[in-house]
Amino acid sequence: MTSSGQPRTQWLGRWGFMLAATGSAVGLGNIWKFPYITGEFGGGAFVLVYLACIFAVGVPVMMTEIAFGRRGQGSPVDAIRRVVNESGRSSVWSLIGWMAMLCGFMVLSFYVVVAGWSFSYLWKMLTGGLSGSSVNDMAAVFGANNANPLNLGFWSTLVTLLTMLIVGKGVQKGIEKSVSWMMPGLVIMLVILIGFGLFSGGFGAAVNFLFSFNAGSLSSEGLLAALGHAFFTLSLASGAILTYGSYLPKGASIGRTTVSVAVADTVVALMAGLAIFPVIFANGMDPGEGPGLIFMSLPLAFQAMPLGTLFGILFFLMLSMAALTSAISMVEATVSWLCDNKGISRPAAAWGTGIVLWLISTLAMLSFNLGADWTLAGKTFFDWLDYLTSRWMMPLGGLGMVILAGFVLKSDTFREELGLAPLPYALWLAMVRYVSPLGIVVIFVDALGVYQVSFAAHWPWLLAILVVMAALGETLSPRLRHALRAG
């Protein structure tokens, strides 16, 4: 039920939630970052470690967020407040929901600018605007694209308009209907691009780059990359998954659904690698260029290959769709809160949110041109949005969520909502109480750059800390839970 007493909208089925949640997870970062770090840090060895991190940190936290959403039947603020009130705890804990909702909005404020690059390059590919004979030429095109505030502003505005148009139509007619064709379409385009890569001459090198089991390349930096990506890739602690979970029907299994989303996210990321790297290797280019790989090296490679323009169009269309499905999820928490608490219709809430988003994203967009010199402590407005959300708000929000679920709330709350058998529930609880918090703290410390954790040298100490945390936690958990609940 919403605050107005009306029944809350639900996904038409578990499949709708899976597509929406996977669409939220599969963003621009997954298309280039995950394949690259997989190859750089040991291929198959990295994938195994990443999957371990996903199931130790990502999946438990995601299950927790979905359970909060479905139990509380509302936006992050409302859902967490209702669940803590149900357990007789302080409403102060709802601040975690406020931070999650604000975090998602702040991320979207700079994300629409980055998403605008994808749409801009799709247009350039369609009109022949991507031409050059070297990576430096393509870098000049990228620089000119960002240096023009009218051009960059147009594309970020277009992303904002499309996002609000979809969200404004509602959960079923807008979000679910759009992802029901965008996500399958994205996968079909990936399959076509992989087929293209099979005949590019670089497919064998790409497979070797991604899947060769090279444990020697798995440094402490690679372990941190796996841990961090496992947390951030699932759109955790930004309000998106919690809000999507509030629309999940009661009969759907949260555990199976979460695992399915995590696996789908990983499979799509690896498919992206098999689509991108054959083209890169076939043209003798460096696979480790990060964003430059997408917006500089790949356009040059497509230009040099048969039917390259056609496959370039497919690639940037796929990239634009991935960006849009993520953008939709990030704003849904804010729109949901406005609809539930302010008596505003969904279209009005969406377009009102869109106006505020457009104003803030315009400041982020100007960081690349007219406002490049508007800095505070050496950071532009765009940089500050990224820094505050990824290094502070997301890790702190995730940590608060698992502490709340593991130690503060009544144990029956999540036992009932998750519907797990005793052994799987005990495993989830152990992960949420001890493993996930430790992982998030490591991510937090690393993101702040306080010190570099050398897993290769210190993993026995970290394991010992985990064992001590678990032992002390079980010994002191009644007192600890009492102290936290009192807060």
Side-chain angles (χ1 to χ4, degrees), residues 27-29 32-33 99 102-124 129-132 134-164 228 232 238 286 288-300 316 319-320 323 326-327 330-331 334 353-396 444 446-450:
L28 297 178
W32 67 266
K33 184 177 181 180
M99 184 165 63
L102 178 61
C103 179
F105 188 85
M106 288 172 64
V107 169
L108 185 57
S109 297
F110 69 86
Y111 188 82
V112 294
V113 180
V114 180
W117 296 345
S118 304
F119 282 84
S120 172
Y121 269 60
L122 173 60
W123 177 251
K124 291 180 188 299
L130 282 178
S131 59
S134 67
V135 173
N136 288 336
D137 290 341
M138 290 301 176
V141 172
F142 185 70
N145 189 68
N146 291 341
N148 186 338
L150 293 178
N151 175 71
L152 191 58
F154 171 80
W155 293 110
S156 60
T157 300
L158 178 62
V159 175
T160 302
L161 290 173
L162 290 174
T163 301
M164 298 310 158
F232 291 114
S238 62
D286 180 10
E289 294 185 13
L293 184 73
I294 300 296
F295 298 107
M296 298 172 201
S297 297
L298 266 181
L300 188 65
F316 284 108
L319 200 64
S320 299
S326 292
M330 291 177 204
V331 78
T334 302
T353 302
I355 291 171
V356 177
L357 174 66
W358 180 80
L359 292 172
I360 298 175
S361 65
T362 297
L363 291 175
M365 178 272 296
L366 292 176
S367 297
F368 291 93
N369 37 72
L370 298 179
D373 296 328
W374 305 344
T375 60
L376 178 64
K379 290 183 173 62
T380 63
F381 187 72
F382 183 101
D383 295 334
W384 273 111
L385 288 173
D386 183 19
Y387 174 78
L388 290 173
T389 53
S390 64
R391 299 197 180 190
W392 286 92
M393 298 174 75
M394 282 180 162
L396 286 177
F444 187 41
D446 178 63
L448 291 179
V450 176

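Remember, it's a predicted structure, so these values are computed and weren't measured experimentally. Hydrogens, waters and symmetry mates are skipped; everything else that's a heavy atom, side chains included, is used. Quick note: residue numbers are just sequence positions, from 1.
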Tabulate below the donor-acceptor pairs under 3.5 Å that side-chain atoms of residues 104-113 make, not counting sequence neighbours, or state none.
from	atom 1	to	atom 2	distance (Å)
S109	OG	F105	O	2.9
Y111	OH	L28	N	3.4

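Under the rule for a ring pair (Phe, Tyr, Trp, His ring centres under 6.0 Å), W358 has no partner lying at least two apart in sequence or in another chain. When the side-chain contact (heavy atoms from CB on, under 4.5 Å) test is applied to F154, no partner is found at least two apart in sequence or on another chain. Annotation: side-chain hydrogen bond (donor to acceptor under 3.5 Å, both in side chains) contacts of S367 (sequence neighbours excluded): none. Residues passing the side-chain hydrogen bond (donor to acceptor under 3.5 Å, both in side chains) test with N151, sequence neighbours excluded: N145, W155. By the side-chain hydrogen bond (donor to acceptor under 3.5 Å, both in side chains) test, T362 is found to be paired with no residue, residues two or more places apart in sequence or in another chain being considered. By the ring pair (Phe, Tyr, Trp, His ring centres under 6.0 Å) test, F381 is found to be paired with no residue, residues two or more places apart in sequence or in another chain being considered. Evaluation of the ring pair (Phe, Tyr, Trp, His ring centres under 6.0 Å) rule for F119 yields no partner, not counting sequence neighbours. Residues satisfying the side-chain hydrogen bond (donor to acceptor under 3.5 Å, both in side chains) test with W374, not counting sequence neighbours, are none. Applying the side-chain contact (heavy atoms from CB on, under 4.5 Å) rule to D383 yields the partners K379, T380; only residues at least two apart in sequence or on another chain are considered. Applying the ring pair (Phe, Tyr, Trp, His ring centres under 6.0 Å) rule to F316 yields the partners Y121; only residues at least two apart in sequence or on another chain are considered.
Contact annotation: the side chain of M394 approaches that of S238 to within less than 4.5 Å [non-hydrogen atoms, C-beta and beyond]. Considering only heavy atoms from C-beta on, L158 comes within 4.5 Å of L162 through its side chain.
Between L130 atom CG and M296 atom CE the span is 11.5 Å, to the nearest 0.5 Å. To the nearest 0.5 angstrom, M330 atom CE is 9.5 Å from T163 atom OG1. Going from atom CD1 of I360 over to atom CG of L385 covers 8.0 Å, rounded to the nearest 0.5 Å. Here I294 contributes atom CD1 and K33 contributes atom NZ; the two are 13.5 Å apart, rounded to the nearest 0.5 Å. Remark: L161 CG to L357 CG distance equals 10.0 Å, nearest 0.5 Å.
Checked by atom type and distance alone, the side chain of N146 never pairs as donor or acceptor with a backbone atom of N369 at under 3.5 Å. At distances below 3.5 Å, not a single donor-acceptor pair connects side-chain atoms of S120 with backbone N or O atoms of G116. Between the side chain of S326 and the backbone N or O of A323 there is no donor-acceptor pair closer than 3.5 Å.
No more than 12 heavy-atom neighbours from other residues, nucleotides or ligands sit within 6.0 angstrom of CH2 on W392.
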